[in-house]
There are 2 protein chains.
Amino acid sequence: MDVDTRLLRSFLAVAEEGSLTRAAERVFVSQPALTKQIRQLETQLGVRLFERSRAGMALTGPGRELARRAPKVLAAWDDALRTTRAADRQASRVLRVGFLASAANEATQEIVAAFARRRPGWRTELRQAAWTNPSAGLATGDVDAALLRLPFQGQEALRVEPLFSEPRWVALPAAHPLAARDTIAFRDLWDEPFVAAPQETGAWRDHWLAADEREGHPVRVGAVTEQPDDWLNAIANGYGIALAPQSAARFYARPGVVYRPVTGVSPTQVGVAWAPADDRNPVVQDFVRCCLDLARPA
Amino acid sequence: MDVDTRLLRSFLAVAEEGSLTRAAERVFVSQPALTKQIRQLETQLGVRLFERSRAGMALTGPGRELARRAPKVLAAWDDALRTTRAADRQASRVLRVGFLASAANEATQEIVAAFARRRPGWRTELRQAAWTNPSAGLATGDVDAALLRLPFQGQEALRVEPLFSEPRWVALPAAHPLAARDTIAFRDLWDEPFVAAPQETGAWRDHWLAADEREGHPVRVGAVTEQPDDWLNAIANGYGIALAPQSAARFYARPGVVYRPVTGVSPTQVGVAWAPADDRNPVVQDFVRCCLDLARPA
DNA sequence: CTGCATCTATAACCTGGTGGAATGGATGTC
DNA sequence: GACATCCATTCCACCAGGTTATAGATGCAG
């Protein structure tokens with residue numbers, strides 16, 4: 001008997017949500033499609049997995065059993081997938097580097113160039129991750145190394161080397177009264193609405209709201225965005241302002257958005273991270289060396 | 001990224017056979033279908049898994065990686081499947097009992113009847129297994145208990161209680177010269193062609209050929225069959241003769257086939273088997289008790 | 001050199017499974 | 001009694017996947 005792991009994911013979604021309708025939107029299919037998927041799984045197994053009722057879908061005994069084992073199947077597959085893809089990158093001499101938008105700056109380009117010199121024949125593949133992915137894919141094995149702002153969620157399970165730090169500036173709508181100033185004190189921004197990262201990014205969100213440098217003053221959130229484009233739009237459209245690394249002034253310049261230095265707020269730090277499994281991977285270590293050489297020239 | 005476990009099985013077949021053509025017949029699809037399956041897997045992963053050549057299919061580095069992990073995925077799924085189905089039988093109060101054709105006799109019916117009395121509300125489901133399945137599905141968790149001839153392959157990993165033994169008779173075509181006799185000495189059968197079980201059944205096949213009770217005399221195999229029906233046909237059509245338990249004379253009577261007692265060959269033994277995991281399963285243990293009570297009345 | 005065997009890849013065709021939109025039916029809720 | 005909220009069903013369009021037949025590459029034997 002075979003299954004598509006997709007059916008297992010759907011099954012787990014329904015099991016967790018207790019409802020076809022809610023699970024359907026979670027896995028991005030229509031509700032009738034999910035109805036059929038579940039029915040298909042049940043007939044393939046020859047086992048009734050849910051009790052249907054007006055209230056929703058409740059797991060049966062055997063259903064609970066499956067719900068307990070299915071995650072192991074998915075984990076085994078995800079692991080196989082990651083390993084295989086990593087081996088493929090190795091074989092085709094591709095180093096995949098993840099980064100969060102905020103870590104982008106001139107150094108990135110220089111690092112890539114330095115690595116290209118040190119490892120001729122190798123290609124670097126830069127992958128920008130959404131802010132909801134705090135390790136930029138490193139935790140899931142999607143990338144071999146990552147350039148990130150420190151600290152980030154899940155940092156403990158990874159290797160991290162800090163590279164350099166950078167002042168935090170503020171991004172404002174061009175029409176904002178404070179945009180007229182050359183320099184802005186952070187306390188003058190306390191009452192401004194901020195464009196923030198999603199709730200689930202935790203410490204990262206707080207870092208860019210400088211939540212712990214407001215002397216207890218509450219944060220006003222004017223908009224929540226997940227990507228640089230949304231973020232810039234939100235600012236340009238006046239939903240709020242936001243702290244940003246100084247280099248954003250160069251890398252995320254856009255009409256309607258201006259950047260100004262801020263005093264009274266600590267700088268931010270960029271680091272390079274890799275998985276412990278690659279501690280002895282010469283290619284990854286070469287990349288790390290390139291990062292360190294540029295950040296702390298001998 | 002999702003997969004159908006079917007693709008993984010196909011992939012492993014190709015990896016092991018090193019050839020699409022051979023793997024295709026092993027998994028019972030056409031060779032073009034396998035070509036497409038492998039290609040599909042490769043494009044889904046975005047990874048080249050095989051080097052193609054006139055000689056066949058050779059795993060790439062990433063392919064080897066996948067070949068090492070895929071079995072874990074399949075094992076996890078098979079485990080989930082078994083557990084879920086077992087839970088379902090428990091919930092619907094069904095005890096599934098596997099048996100090999102040779103173990104069928106009056107006792108089976110009595111055992112089932114006794115179990116029905118001891119566990120009202122429970123239903124017994126008898127499942128006949130092919131001879132190529134020496135534990136009648138017990139090893140794979142398809143059944144909760146099994147009635148088998150001893151010894152059988154894989155017996156060490158299971159619990160077994162011997163029940164009773166029975167003389168071995170011989171099944172002959174009605175027209176066979178020896179059919180005229182009332183009793184036949186086994187040595188008179190040494191040169192006869194036998195209808196045998198498939199090669200892969202190992203000790204089981206040898207047991208019914210009485211291979212080690214021929215004083216070194218070689219076995220002649222006239223036909224190979226996997227199921228009782230084929231077996232009876234082969235005998236009736238004169239492809240050969242075969243040893244069988246005495247009870248087969250009653251349970252597998254058929255025009256054109258006669259059964260006669262045989263001297264000079266040891267008896268055969270029936271046992272009940274269950275999985276160690278069910279050592280404390282009261283229902284399975286009740287069934288075992290029923291078997292023992294009938295086989296060794298107090 | 002030629003025919004044959006043995007690989008995989010491709011083409012053409014057919015079927016059935018799968019998803020989406022709309023709708024039905026049952027059942028609580030205000 | 002209108003409404004909201006579930007899941008089930010219907011209808012339709014589409015593509016994935018299978019099969020057979022065949023092509024193309026290459027080694028081998030006579």
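Here the structure is a predicted model, which is why all the values come from computation and not from measurement. By convention in this document, chain letters (A, B, ...) are assigned in the order of the sequence lines, proteins followed by strands, and residues within each chain are numbered from 1.
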Any donor-acceptor pair under 3.5 Å joining the side chain of Lys36(A) to the base of dG17(C)?
no
Centroid separation Phe50(B) to Phe11(B) less than 6.0 Å
yes
Just how far, in rounded Å, is P of dC7(C) from CD of Glu17(B)?
11 Å
Check: dA16(D) base within 3.5 Å donor-acceptor of Gln40(B) side chain
no
Heavy atoms only, 4.0 Å cut-off, all strands: where does Ala33(B) land among base, sugar-phosphate and nothing?
base
Could you tell me the separation between the CD atom of Glu25(A) and the P atom of dT5(D), rounded to a whole number of Å?
12 Å
Between Thr21(B) and Glu25(B), is there a side-chain donor-acceptor contact under 3.5 Å, judged purely by atom types and distance?
no
Protein-nucleotide distance (Arg48(A), atom CZ; dA8(D), atom P), rounded to Å
8 Å
When the distance from CZ of Arg6(B) to P of dG17(D) is rounded to whole Å, what number comes out?
10 Å
Specify the separation, in whole Å, of atom CG of Leu20(A) and atom C1' of dG19(C).
15 Å
Check ion pair Arg26(B)-Glu17(B) (N to O, under 4.0 angstrom):
yes
Hey, is the side chain of Thr21(B) poking within less than 4.0 Å of OP1 or OP2 on dT8(C), counting only N and O atoms?
yes
Distance in angstrom units between Leu34(B) CG and dT20(D) P, rounded
14 Å
So, is Arg52(B) near the phosphate of dC7(C), with a side-chain N or O under 4.0 Å from OP1 or OP2?
no
Check this one for me: any side-chain N or O of Arg39(B) less than 4.0 Å away from OP1 or OP2 of dT10(C)?
yes
dG17(D) phosphate, OP1 or OP2, under 4.0 Å from Gln37(B) side-chain N/O:
no
Backbone N or O of Leu7(A) within a donor-acceptor pair of the Gln37(A) side chain at under 3.5 Å?
no
Choosing from dT19(D), dC6(D), dA8(D), which nucleotide comes nearest the side chain of Ser30(B)?
dT19(D)
For Arg22(A) and dC6(D), is the shortest distance between a side-chain N/O and OP1 or OP2 below 4.0 Å?
yes
In terms of side-chain geometry, is the basic nitrogen of Asp229(B) or Arg254(B) positioned less than 4.0 Å from the acidic oxygen of its partner?
yes
Which nucleotide, dT10(C), dA21(C), dT19(D), lies nearest any side-chain atom of Val29(B)?
dT19(D)
Let me know the distance between CG of Asp2(B) and C1' of dT18(C), rounded to the nearest Å.
15 Å
